[in-house]
Number of protein chains: 2
Amino acid sequence: MTTTLGVRAQQKEKTRRALIDAAFSQLSADKSFSSLSLREVSREAGIAPTSFYRHFSDMNELGLTMVDEAGLTLRQLMRQARERIASGGSVIQTSVATFMEFIENNSNVFRLLLRERSGTSAAFRSAVYRENQHFIAELSDYLCRANGTSLENARIEADALVTIVFNAGAEALDLDNEKRAELAIRTKKQLRLVAKGAMLLNRKS
Amino acid sequence: MTTTLGVRAQQKEKTRRALIDAAFSQLSADKSFSSLSLREVSREAGIAPTSFYRHFSDMNELGLTMVDEAGLTLRQLMRQARERIASGGSVIQTSVATFMEFIENNSNVFRLLLRERSGTSAAFRSAVYRENQHFIAELSDYLCRANGTSLENARIEADALVTIVFNAGAEALDLDNEKRAELAIRTKKQLRLVAKGAMLLNRKS
DNA sequence: AAAATCAGCGTACACTTGTAAGCTTAAATA
DNA sequence: TATTTAAGCTTACAAGTGTACGCTGATTTT
């Protein structure tokens, strides 16, 4: 059921979005979420500092909202990748390419996840952790079904794969296109390493 | 040649140390380097805020010094691990155990590296990157010698191994002892996955 | 039509921050 | 011994921060 919003609620939603967008747009290589101030964000969103509180009790609350949105964006991306794979692409090639595209097009979104994963707020850290687990769970399912691995082993493999890809993404942020291409090649080799190792160990047991 | 320091230079060195120690001791799960202020650090070190400038031109300069020290600590740790391995320990078991001990005993030092790796200062990021490359280079050498792998393949393998261990360390920070033990087991399995995969792929070529 | 709600505003306050300027005083140098 | 050097201090200031308080005016509810 989608409730039709009144004029007032619509406007409120709009400002809320403006705040979120303002915060995202202020993120950069040189500016992390924790270095944003309530006043800066409000200014960028075009409202008075004190009006901020009509939408979020805290910068923290805004931040958590942003992490959720970032996770959502990332999962949507995964779905796209799976579609491409289903229609005949190589798993590793497609996954890495998709991820790298994501980082190129949404670097600030990725930076948020990357930084808050080891940030100073436990709530943030566990929010990012949850998103990561989502990611791993979906990949585990896939591996289970595709390779007939036990779920436990698939979890371990998936975790390693995601770790490597995520890390490569982090590294890519500071590289130019040429170096990124090299990184992508190396990353694919590493993923194959893990996949081969998993195959081998699964046959044994 | 070790120059004997005059009384004055000795005192200066002492305060410099006090500043570095103060900064390290203020780091915690809830407080990152970038959230430290020059005044806080100076206060903790027992000097006036303006005296800070007699030692560092900047909080940035202090931070880079800290990253270097952290990297040094980590490399010392690696040497210990190699000694233990040389005297008959399992490579993977020993490495993971040593690393986990490091994180337990020096969590704030590790946190510094972890956070600044994706922080807002390019100088910091590349400093941490350098330390990481050191780490990987030493491991590559080891793998080369131990397994007769080509240096290129060893680099790729070492990179994957370090990524996985480093990531596990990051995860360990938020876990209790029980969960940490589980994590250690999982991490070892993942390292074996990579090692097996590398063996397999090296035989082929 | 009257009353209640509430998003957004302006003002205000108490803090913290980085850092400039100039002084003191003990150590180093000549 | 006389002079220079420099680590550390005090004072001072401008800039930025989070947020409390109370008002306004349009929308919503009664």
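Convention: sequence-line order gives letters A, B, ...; per-chain numbering from 1. Everything numeric here is computed off the predicted structure, so don't read it as measured data.
- If you check every strand for non-hydrogen atoms under 4.0 Å, B/Arg16 touches nothing.
- C/dC9 atom P lies 13 Å from atom CG of A/Leu38, rounded to whole Å.
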Please lay out, stage by stage, how B/Glu171 and B/Arg180 fare under the test side chain to side chain contact (heavy atoms under 4.5 Å, CB included). CA-CA 9 Å; B/Glu171 219 167 296; B/Arg180 271 187 203 195; over 6 Å; no
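- Straight-line distance from the CD atom of A/Gln11 to the P atom of C/dC9: 10 Å, rounded to whole Å.
- Set against D/dT17, C/dT19, D/dG8, the side chain of B/Pro49 has C/dT19 as its closest nucleotide.
- Between B/Glu44 atom CD and C/dT16 atom C1' the separation is 17 Å, expressed in whole Å.
- Look at CG on B/Asn60: it is 12 Å from P on C/dG18, rounded to the nearest Å.
- Set against C/dG8, D/dT19, D/dA7, the side chain of A/His55 has C/dG8 as its closest nucleotide.
- What separates CD of B/Glu61 from P of C/dT19 is a distance of 12 Å, to the nearest Å.
- Taking only distance into account, the side chain of A/Arg39 never meets the base of D/dG16 through a donor-acceptor pair shorter than 3.5 Å.
- Side-chain N/O atoms of B/Thr50 and base N/O atoms of C/dG18 include no donor-acceptor pair closer than 3.5 Å.
- In this entry the distance linking NZ of A/Lys14 with C1' of C/dG8 reads 15 Å, nearest Å.
- For B/Arg8 and D/dA6, a side-chain-to-base donor-acceptor distance below 3.5 Å is present, hydrogens and geometry of angles not being considered.
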Worked verdict on A/Leu173 versus A/Leu114 for side chain to side chain contact (heavy atoms under 4.5 Å, CB included): CA-CA 11 Å; A/Leu173 283 172; A/Leu114 187 62; 3.8 Å; yes
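- Taking atom CZ of B/Arg43 as the reference point, atom C1' of D/dC9 lies 16 Å away to the nearest angstrom.
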Side chain to side chain contact (heavy atoms under 4.5 Å, CB included), that's the test. Do B/Arg117 and B/Arg125 meet it? Break it down for me. CA-CA 5 Å; B/Arg117 187 172 61 142; B/Arg125 288 198 300 272; over 6 Å; no
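- Summary of the strand contacts: B/Ala9 and B/Asp58 both lie near DNA chain C, and taking for each the nucleotide with the nearest heavy atom, the more 5' one is attributed to B/Asp58.
- Between A/Phe52 atom CZ and D/dG16 atom P the separation is 19 Å, expressed in whole Å.
- Distances from the side chain of B/Arg54 to the nucleotides C/dT19, D/dC9, C/dG8 place D/dC9 closest.
- Residue B/Ser37 places its side chain closer to C/dT17 than to any other of D/dT27, C/dT17, C/dT19.
- Here A/Arg115 contributes atom CZ and B/Arg115 contributes atom CZ; the two are 13.5 Å apart, rounded to the nearest 0.5 Å.
- A donor-acceptor pair under 3.5 Å links the side-chain atoms of A/Gln190 to the main chain of B/Ile156, judged by distance alone.
- Phosphate contact (OP1/OP2 of D/dC9, side-chain N/O of B/Ser51, threshold under 4.0 Å): present.
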